[in-house]
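Residue numbers start at 1 and run along the sequence shown.
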Amino acid sequence: VFFFILRSMFLVGQTSLVGKIMADLLVNLRCKIAEKIFQMDYQAFLDKSSGYLNNALIVEFQKVVFSFKMFSSLMVTILVTGMYISIPLFLHPVLVLVLTCIGFPLFLIIKGINSLTRVYSLRMSDNSAGLQNILIQALNNFKYLKATEGHPNVLKQIYSQSKMLGKVQYRTYILGAITEFGFEPFVILIISGVVFYNVGLQGQDIIENIFLLFLLLNAMKQMLAAQGNFRKILSSWGSIEVLKTLELELERSKEKAPSQSMVHDVSFDQPIRYENVSFGYNNGGEILRDINIEIPHNSTVAFVGESGAGKTTLVNLLIGLLRPTEGRIYIGDIAYQDIDPNQIRKKVGY
(Lines give C-alpha, C1' and ligand atoms only; values in the text may rest on other atoms or scores of the structure.)
Protein backbone atom coordinates (compact mmCIF):
# COMPACT_ATOMS: atom_id res chain seq x y z
CA VAL A 1 0.00 0.00 0.00
CA PHE A 2 2.82 2.38 0.94
CA PHE A 3 4.61 1.63 -2.37
CA PHE A 4 1.49 2.39 -4.43
CA ILE A 5 0.78 5.59 -2.47
CA LEU A 6 4.31 6.81 -3.25
CA ARG A 7 3.95 5.72 -6.89
CA SER A 8 0.64 7.58 -7.20
CA MET A 9 2.09 10.75 -5.64
CA PHE A 10 5.09 10.59 -7.97
CA LEU A 11 2.96 10.14 -11.11
CA VAL A 12 0.54 12.94 -10.17
CA GLY A 13 3.46 15.28 -9.47
CA GLN A 14 5.25 14.29 -12.67
CA THR A 15 2.09 14.69 -14.80
CA SER A 16 1.33 18.09 -13.25
CA LEU A 17 4.88 19.31 -13.89
CA VAL A 18 4.84 18.08 -17.50
CA GLY A 19 1.42 19.69 -18.04
CA LYS A 20 2.71 23.05 -16.75
CA ILE A 21 5.83 22.88 -18.93
CA MET A 22 3.74 21.91 -21.99
CA ALA A 23 1.33 24.81 -21.49
CA ASP A 24 4.22 27.29 -21.05
CA LEU A 25 6.05 25.80 -24.04
CA LEU A 26 3.04 26.19 -26.32
CA VAL A 27 2.46 29.82 -25.27
CA ASN A 28 6.15 30.79 -25.49
CA LEU A 29 6.80 29.12 -28.85
CA ARG A 30 3.68 30.55 -30.48
CA CYS A 31 4.29 34.08 -29.14
CA LYS A 32 7.97 33.93 -30.09
CA ILE A 33 7.21 32.90 -33.68
CA ALA A 34 4.34 35.43 -33.99
CA GLU A 35 6.73 38.18 -32.85
CA LYS A 36 9.36 37.09 -35.39
CA ILE A 37 6.76 37.08 -38.17
CA PHE A 38 6.03 40.76 -37.47
CA GLN A 39 9.76 41.50 -37.51
CA MET A 40 9.99 40.15 -41.07
CA ASP A 41 10.82 42.29 -44.04
CA TYR A 42 7.52 42.90 -45.88
CA GLN A 43 8.77 41.63 -49.23
CA ALA A 44 10.05 38.44 -47.56
CA PHE A 45 6.60 38.01 -46.01
CA LEU A 46 4.96 38.28 -49.45
CA ASP A 47 7.16 35.41 -50.64
CA LYS A 48 5.91 33.14 -47.82
CA SER A 49 2.87 30.91 -48.23
CA SER A 50 0.07 31.85 -45.79
CA GLY A 51 -0.79 28.13 -45.55
CA TYR A 52 2.77 27.35 -44.46
CA LEU A 53 2.70 29.98 -41.69
CA ASN A 54 -0.83 29.07 -40.60
CA ASN A 55 0.00 25.36 -40.50
CA ALA A 56 3.14 26.04 -38.42
CA LEU A 57 1.35 28.28 -35.89
CA ILE A 58 -1.77 26.15 -35.43
CA VAL A 59 -1.05 22.51 -36.38
CA GLU A 60 2.68 21.88 -36.05
CA PHE A 61 3.11 23.64 -32.69
CA GLN A 62 0.64 21.25 -31.04
CA LYS A 63 2.66 18.29 -32.32
CA VAL A 64 5.94 19.78 -31.08
CA VAL A 65 4.47 20.21 -27.59
CA PHE A 66 3.06 16.67 -27.75
CA SER A 67 6.55 15.39 -28.60
CA PHE A 68 7.82 16.98 -25.36
CA LYS A 69 5.15 15.05 -23.43
CA MET A 70 6.34 11.84 -25.08
CA PHE A 71 9.95 12.76 -24.29
CA SER A 72 9.18 13.17 -20.58
CA SER A 73 7.29 9.84 -20.59
CA LEU A 74 10.30 8.25 -22.32
CA MET A 75 12.64 9.49 -19.58
CA VAL A 76 10.38 8.07 -16.85
CA THR A 77 10.05 4.75 -18.71
CA ILE A 78 13.83 4.44 -19.14
CA LEU A 79 14.30 5.08 -15.40
CA VAL A 80 11.72 2.42 -14.45
CA THR A 81 13.18 -0.05 -17.00
CA GLY A 82 16.62 0.39 -15.46
CA MET A 83 15.19 -0.41 -12.02
CA TYR A 84 13.48 -3.58 -13.31
CA ILE A 85 16.58 -4.80 -15.18
CA SER A 86 19.15 -4.10 -12.45
CA ILE A 87 17.91 -6.87 -10.09
CA PRO A 88 17.81 -9.71 -12.72
CA LEU A 89 21.21 -8.48 -13.95
CA PHE A 90 22.56 -8.93 -10.42
CA LEU A 91 20.83 -12.31 -9.83
CA HIS A 92 21.25 -13.88 -13.32
CA PRO A 93 23.75 -11.90 -15.43
CA VAL A 94 24.21 -14.73 -17.96
CA LEU A 95 20.45 -15.00 -18.53
CA VAL A 96 20.13 -11.24 -19.12
CA LEU A 97 23.06 -11.39 -21.57
CA VAL A 98 21.41 -14.26 -23.50
CA LEU A 99 18.09 -12.41 -23.62
CA THR A 100 19.89 -9.30 -24.90
CA CYS A 101 21.43 -11.31 -27.76
CA ILE A 102 18.04 -12.88 -28.59
CA GLY A 103 16.41 -9.43 -28.62
CA PHE A 104 19.00 -7.87 -30.99
CA PRO A 105 17.05 -8.78 -34.21
CA LEU A 106 13.98 -7.18 -32.61
CA PHE A 107 16.04 -4.02 -32.08
CA LEU A 108 16.93 -3.93 -35.80
CA ILE A 109 13.26 -4.30 -36.78
CA ILE A 110 12.27 -1.49 -34.41
CA LYS A 111 15.06 0.71 -35.79
CA GLY A 112 13.71 0.22 -39.33
CA ILE A 113 10.18 1.09 -38.19
CA ASN A 114 11.47 4.24 -36.46
CA SER A 115 13.26 5.37 -39.64
CA LEU A 116 10.05 4.95 -41.66
CA THR A 117 8.05 6.80 -38.98
CA ARG A 118 10.41 9.78 -39.22
CA VAL A 119 10.14 9.86 -43.05
CA TYR A 120 6.32 9.70 -42.90
CA SER A 121 6.26 12.48 -40.28
CA LEU A 122 8.21 14.83 -42.60
CA ARG A 123 5.85 13.98 -45.49
CA MET A 124 2.80 14.57 -43.29
CA SER A 125 4.02 18.06 -42.33
CA ASP A 126 4.66 18.94 -46.01
CA ASN A 127 1.23 17.68 -47.11
CA SER A 128 -0.50 19.40 -44.21
CA ALA A 129 1.11 22.75 -45.11
CA GLY A 130 0.11 22.29 -48.79
CA LEU A 131 -3.49 21.50 -47.85
CA GLN A 132 -3.69 24.48 -45.49
CA ASN A 133 -2.40 26.76 -48.25
CA ILE A 134 -5.07 25.58 -50.74
CA LEU A 135 -7.88 25.86 -48.15
CA ILE A 136 -6.89 29.38 -47.04
CA GLN A 137 -6.67 30.65 -50.62
CA ALA A 138 -9.97 28.98 -51.51
CA LEU A 139 -11.79 30.59 -48.56
CA ASN A 140 -10.21 34.01 -49.23
CA ASN A 141 -11.33 33.83 -52.87
CA PHE A 142 -14.69 32.14 -52.29
CA LYS A 143 -16.69 34.84 -54.08
CA TYR A 144 -14.51 34.72 -57.19
CA LEU A 145 -14.47 30.91 -57.34
CA LYS A 146 -18.25 30.71 -56.87
CA ALA A 147 -18.98 33.46 -59.40
CA THR A 148 -16.74 32.02 -62.12
CA GLU A 149 -17.43 28.30 -61.51
CA GLY A 150 -13.73 27.94 -60.72
CA HIS A 151 -14.19 25.81 -57.60
CA PRO A 152 -14.16 22.33 -59.25
CA ASN A 153 -10.46 22.81 -60.00
CA VAL A 154 -9.77 23.79 -56.39
CA LEU A 155 -11.79 20.84 -55.10
CA LYS A 156 -9.63 18.51 -57.20
CA GLN A 157 -6.51 19.95 -55.55
CA ILE A 158 -8.07 19.62 -52.08
CA TYR A 159 -9.06 16.00 -52.81
CA SER A 160 -5.60 15.13 -54.16
CA GLN A 161 -3.76 16.72 -51.21
CA SER A 162 -6.14 15.18 -48.66
CA LYS A 163 -5.75 11.76 -50.25
CA MET A 164 -1.93 11.97 -49.99
CA LEU A 165 -2.18 13.14 -46.37
CA GLY A 166 -4.59 10.31 -45.53
CA LYS A 167 -2.28 7.73 -47.11
CA VAL A 168 0.71 8.90 -45.04
CA GLN A 169 -1.40 9.00 -41.84
CA TYR A 170 -2.65 5.45 -42.49
CA ARG A 171 0.90 4.14 -42.91
CA THR A 172 1.95 5.88 -39.69
CA TYR A 173 -0.96 4.26 -37.81
CA ILE A 174 0.02 0.83 -39.17
CA LEU A 175 3.59 1.27 -37.92
CA GLY A 176 2.22 2.37 -34.54
CA ALA A 177 -0.01 -0.70 -34.32
CA ILE A 178 2.94 -3.02 -35.11
CA THR A 179 5.15 -1.51 -32.40
CA GLU A 180 2.33 -1.36 -29.84
CA PHE A 181 0.84 -4.85 -30.31
CA GLY A 182 3.06 -6.81 -32.70
CA PHE A 183 5.93 -7.47 -30.30
CA GLU A 184 3.86 -8.75 -27.35
CA PRO A 185 3.95 -12.39 -28.58
CA PHE A 186 7.74 -12.09 -28.85
CA VAL A 187 7.93 -10.99 -25.20
CA ILE A 188 5.70 -13.84 -24.04
CA LEU A 189 7.80 -16.28 -26.09
CA ILE A 190 10.95 -15.12 -24.28
CA ILE A 191 9.27 -15.43 -20.85
CA SER A 192 8.01 -18.91 -21.78
CA GLY A 193 11.54 -19.85 -22.87
CA VAL A 194 12.93 -18.77 -19.49
CA VAL A 195 10.28 -20.85 -17.67
CA PHE A 196 10.99 -23.87 -19.91
CA TYR A 197 14.75 -23.65 -19.35
CA ASN A 198 14.70 -23.04 -15.57
CA VAL A 199 11.76 -25.31 -14.66
CA GLY A 200 11.54 -27.88 -17.48
CA LEU A 201 15.26 -28.44 -18.10
CA GLN A 202 16.99 -27.33 -14.87
CA GLY A 203 14.28 -28.74 -12.61
CA GLN A 204 13.89 -25.57 -10.52
CA ASP A 205 10.69 -24.92 -8.60
CA ILE A 206 8.48 -22.48 -10.53
CA ILE A 207 7.81 -20.58 -7.28
CA GLU A 208 11.51 -19.66 -7.12
CA ASN A 209 11.26 -18.12 -10.60
CA ILE A 210 8.09 -16.07 -10.11
CA PHE A 211 9.93 -12.96 -8.85
CA LEU A 212 12.48 -13.15 -11.66
CA LEU A 213 9.71 -13.61 -14.26
CA PHE A 214 7.77 -10.69 -12.79
CA LEU A 215 10.83 -8.43 -13.11
CA LEU A 216 11.66 -9.61 -16.64
CA LEU A 217 8.07 -9.26 -17.86
CA ASN A 218 7.80 -5.72 -16.49
CA ALA A 219 11.24 -4.78 -17.84
CA MET A 220 10.21 -5.93 -21.33
CA LYS A 221 6.86 -4.16 -21.09
CA GLN A 222 8.65 -0.96 -20.10
CA MET A 223 11.08 -1.40 -23.01
CA LEU A 224 8.17 -1.68 -25.44
CA ALA A 225 6.52 1.35 -23.79
CA ALA A 226 9.79 3.29 -24.16
CA GLN A 227 9.99 2.31 -27.82
CA GLY A 228 6.36 3.41 -28.28
CA ASN A 229 7.10 6.80 -26.73
CA PHE A 230 10.21 7.18 -28.86
CA ARG A 231 8.21 6.33 -32.01
CA LYS A 232 5.63 8.99 -31.06
CA ILE A 233 8.46 11.53 -30.73
CA LEU A 234 9.61 10.52 -34.22
CA SER A 235 6.04 10.87 -35.52
CA SER A 236 6.31 14.55 -34.53
CA TRP A 237 9.74 14.90 -36.14
CA GLY A 238 8.29 16.63 -39.20
CA SER A 239 6.72 19.26 -36.93
CA ILE A 240 10.01 19.80 -35.09
CA GLU A 241 11.80 20.24 -38.44
CA VAL A 242 9.11 22.68 -39.63
CA LEU A 243 9.57 24.76 -36.47
CA LYS A 244 13.38 24.75 -36.75
CA THR A 245 13.26 25.68 -40.45
CA LEU A 246 10.67 28.40 -39.85
CA GLU A 247 12.77 29.98 -37.09
CA LEU A 248 15.84 30.06 -39.35
CA GLU A 249 13.83 31.52 -42.25
CA LEU A 250 12.30 34.21 -40.03
CA GLU A 251 15.73 35.09 -38.66
CA ARG A 252 17.11 35.44 -42.20
CA SER A 253 14.08 37.47 -43.31
CA LYS A 254 14.25 39.90 -40.38
CA GLU A 255 13.88 43.54 -41.33
CA LYS A 256 17.15 45.43 -40.92
CA ALA A 257 17.25 47.39 -37.69
CA PRO A 258 17.72 51.16 -38.20
CA SER A 259 21.15 52.54 -37.32
CA GLN A 260 21.58 54.97 -34.44
CA SER A 261 22.45 57.75 -36.90
CA MET A 262 18.95 57.76 -38.44
CA VAL A 263 16.70 60.78 -37.85
CA HIS A 264 13.92 59.80 -35.43
CA ASP A 265 11.81 62.96 -35.40
CA VAL A 266 9.62 62.58 -38.49
CA SER A 267 7.39 65.53 -39.37
CA PHE A 268 4.74 65.48 -42.10
CA ASP A 269 4.58 69.27 -42.39
CA GLN A 270 6.73 69.12 -45.52
CA PRO A 271 6.10 67.67 -48.99
CA ILE A 272 6.86 64.04 -49.87
CA ARG A 273 8.82 63.50 -53.07
CA TYR A 274 9.53 60.46 -55.25
CA GLU A 275 12.67 61.03 -57.34
CA ASN A 276 13.27 58.58 -60.23
CA VAL A 277 11.77 55.74 -58.16
CA SER A 278 11.67 52.25 -59.70
CA PHE A 279 10.59 49.03 -58.04
CA GLY A 280 10.37 45.31 -58.90
CA TYR A 281 9.44 42.31 -56.75
CA ASN A 282 11.85 39.39 -56.33
CA ASN A 283 9.57 37.00 -58.19
CA GLY A 284 8.61 39.25 -61.10
CA GLY A 285 9.52 42.15 -63.38
CA GLU A 286 9.43 45.88 -62.71
CA ILE A 287 6.17 47.28 -61.35
CA LEU A 288 7.19 50.97 -61.25
CA ARG A 289 9.66 52.79 -63.48
CA ASP A 290 11.12 56.31 -63.06
CA ILE A 291 8.30 57.69 -60.90
CA ASN A 292 8.58 61.40 -60.04
CA ILE A 293 5.84 62.75 -57.76
CA GLU A 294 5.55 65.56 -55.22
CA ILE A 295 2.75 65.37 -52.63
CA PRO A 296 2.26 68.76 -50.95
CA HIS A 297 1.69 69.14 -47.22
CA ASN A 298 -2.01 69.05 -46.15
CA SER A 299 -3.21 67.73 -49.50
CA THR A 300 -5.41 64.84 -50.61
CA VAL A 301 -4.11 62.75 -53.50
CA ALA A 302 -5.75 59.86 -55.35
CA PHE A 303 -3.79 57.21 -57.25
CA VAL A 304 -5.92 55.97 -60.15
CA GLY A 305 -5.04 53.19 -62.57
CA GLU A 306 -5.95 49.78 -63.87
CA SER A 307 -5.41 46.59 -61.86
CA GLY A 308 -1.69 45.79 -61.58
CA ALA A 309 -0.59 49.31 -62.52
CA GLY A 310 1.32 49.67 -59.20
CA LYS A 311 -1.03 51.78 -57.02
CA THR A 312 -0.64 49.57 -53.94
CA THR A 313 3.12 49.27 -54.49
CA LEU A 314 3.36 53.07 -54.64
CA VAL A 315 1.63 53.36 -51.26
CA ASN A 316 3.70 50.52 -49.73
CA LEU A 317 6.83 52.48 -50.72
CA LEU A 318 5.32 55.60 -49.15
CA ILE A 319 4.89 53.95 -45.72
CA GLY A 320 8.29 52.23 -45.81
CA LEU A 321 7.07 48.64 -46.19
CA LEU A 322 9.04 48.37 -49.43
CA ARG A 323 12.28 50.06 -50.48
CA PRO A 324 12.86 51.40 -54.02
CA THR A 325 14.99 49.30 -56.35
CA GLU A 326 16.26 52.59 -57.78
CA GLY A 327 15.74 56.25 -56.87
CA ARG A 328 14.82 57.85 -53.55
CA ILE A 329 11.84 59.06 -51.55
CA TYR A 330 12.10 62.20 -49.41
CA ILE A 331 10.16 63.95 -46.66
CA GLY A 332 11.27 67.53 -47.14
CA ASP A 333 15.02 67.25 -47.62
CA ILE A 334 15.44 64.02 -45.60
CA ALA A 335 15.72 60.75 -47.56
CA TYR A 336 13.72 57.73 -46.35
CA GLN A 337 16.93 55.71 -46.03
CA ASP A 338 18.01 58.10 -43.25
CA ILE A 339 14.76 57.66 -41.29
CA ASP A 340 13.72 54.86 -38.95
CA PRO A 341 10.78 53.33 -40.93
CA ASN A 342 8.94 52.55 -37.67
CA GLN A 343 8.69 56.29 -36.96
CA ILE A 344 6.95 56.78 -40.31
CA ARG A 345 4.55 53.87 -39.74
CA LYS A 346 3.53 55.13 -36.30
CA LYS A 347 2.12 58.25 -37.99
CA VAL A 348 0.28 56.41 -40.78
CA GLY A 349 -3.41 55.50 -41.01
CA TYR A 350 -3.93 52.75 -43.56
Side-chain angles (χ1 to χ4, degrees), residues 25-26 29-30 32-34 36-38 40-70 112-180 228 230-253 281-284 308:
L25 188 64
L26 185 61
L29 281 175
R30 197 166 272 163
K32 179 183 174 185
I33 293 296
K36 286 194 172 188
I37 287 173
F38 278 99
M40 283 176 74
D41 181 82
Y42 181 66
Q43 189 161 350
F45 174 78
L46 293 177
D47 294 336
K48 284 275 175 291
S49 156
S50 55
Y52 172 65
L53 294 174
N54 188 68
N55 180 65
L57 284 169
I58 296 173
V59 179
E60 306 299 349
F61 272 23
Q62 294 285 1
K63 293 181 181 178
V64 170
V65 173
F66 172 77
S67 74
F68 172 77
K69 180 183 178 183
M70 290 301 101
I113 289 174
N114 287 341
S115 297
L116 273 176
T117 302
R118 181 174 173 176
V119 170
Y120 288 151
S121 175
L122 291 167
R123 284 188 197 170
M124 200 180 299
S125 292
D126 286 343
N127 289 339
S128 180
L131 182 60
Q132 287 271 358
N133 193 41
I134 295 167
L135 289 171
I136 288 170
Q137 289 191 55
L139 293 174
N140 286 342
N141 296 283
F142 179 82
K143 181 181 177 182
Y144 167 78
L145 293 170
K146 188 79 173 169
T148 59
E149 196 63 17
H151 61 276
N153 252 357
V154 176
L155 289 173
K156 280 181 187 175
Q157 291 180 49
I158 291 172
Y159 177 75
S160 171
Q161 204 75 26
S162 298
K163 194 174 178 182
M164 284 192 291
L165 188 59
K167 193 181 290 185
V168 175
Q169 282 179 332
Y170 172 69
R171 289 174 180 173
T172 305
Y173 290 146
I174 292 294
L175 293 177
I178 291 171
T179 53
E180 192 170 351
F230 183 62
R231 189 194 61 78
K232 286 174 183 174
I233 292 172
L234 289 178
S235 70
S236 303
W237 197 261
S239 303
I240 295 169
E241 286 296 320
V242 166
L243 181 61
K244 284 168 62 180
T245 305
L246 178 60
E247 280 206 270
L248 287 172
E249 287 175 356
L250 292 178
E251 201 59 43
R252 283 197 297 264
S253 304
Y281 289 100
N282 292 335
N283 55 359

Checklist entry - Does Thr172 reach the main-chain N or O of Val168 with its side chain, forming a donor-acceptor pair under 3.5 Å? => result yes
Item to check | Candidate pair Glu249 and Lys36, rule side chain to side chain contact (heavy atoms under 4.5 Å, CB included), full reasoning | outcome: CA-CA 10 Å; Glu249 287 175 356; Lys36 286 194 172 188; over 6 Å; no
Checklist entry - Which distance, rounded to the nearest 0.5 Å, do you find between the NE2 of His151 and the CG of Asn153? => result 10.0 Å
Checklist entry - What distance separates Ile233 CD1 from Phe68 CZ, expressed to the nearest 0.5 Å? => result 10.0 Å
Checklist outcome for this item: Taken to the nearest 0.5 Å, the spacing of Met164 CE from Ser128 OG works out to 12.0 Å
Item to check | NZ-CH2 distance between Lys63 and Trp237, expressed to the nearest 0.5 angstrom | outcome: 15.0 Å
Item to check | Heavy-atom side-chain contact between Val119 and Arg123 under 4.5 Å | outcome: yes
Next on the checklist: Using 0.5 Å steps for rounding, measure from the CD atom of Gln157 to the CG atom of Leu135.
Outcome noted: 10.5 Å
Next on the checklist: Applying side chain to side chain contact (heavy atoms under 4.5 Å, CB included) to Gln62 and Arg30, what does each step give before you reach the verdict?
Outcome noted: CA-CA 10 Å; Gln62 294 285 1; Arg30 197 166 272 163; 3.9 Å; yes
Item to check | Heavy-atom pair with the smallest gap, counting every atom of Leu131 and Ile158 | outcome: CD1-O, 4.0 Å
Next on the checklist: Does Leu250 form a side chain to side chain contact (heavy atoms under 4.5 Å, CB included) with Met40? I'd like the steps, not just the answer.
Outcome noted: CA-CA 6 Å; Leu250 292 178; Met40 283 176 74; 3.2 Å; yes
Checklist entry - More than 12 foreign heavy atoms under 6.0 Å from CZ of Phe230: is that the case here? => result no
Checklist outcome for this item: In short, Ala138 meets Leu145 closest at the heavy-atom pair O-CD1, 3.7 Å
Checklist entry - What heavy-atom pair brings Ser236 and Phe66 nearest, and what distance separates the two atoms? => result OG-CD2, 3.8 Å
Checklist entry - Would you say the side-chain atoms of Ser67 pair up with the backbone N or O of Val64, donor to acceptor, closer than 3.5 Å? => result yes
Checklist entry - For Glu247 and Lys244, what are the C-alpha separation, side-chain angles and deciding distance, and is it a salt bridge (Lys or Arg N to Asp or Glu O under 4.0 Å)? => result CA-CA 5 Å; Glu247 280 206 270; Lys244 284 168 62 180; over 6 Å; no
Checklist entry - Heavy atoms, side chains only, cut-off 4.5 Å: are Asp47 and Tyr281 in contact? => result no
Item to check | Gap between atom CG of Asp126 and atom CD of Glu241 - 0.5 Å precision | outcome: 10.5 Å
Checklist entry - Name the one of Leu26, Ile33, Leu25 that satisfies side chain to side chain contact (heavy atoms under 4.5 Å, CB included) with Leu29? => result Leu25
Item to check | Tyr120 and Gln169: CA distance, side-chain angles, deciding distance, side chain to side chain contact (heavy atoms under 4.5 Å, CB included) verdict | outcome: CA-CA 8 Å; Tyr120 288 151; Gln169 282 179 332; over 6 Å; no
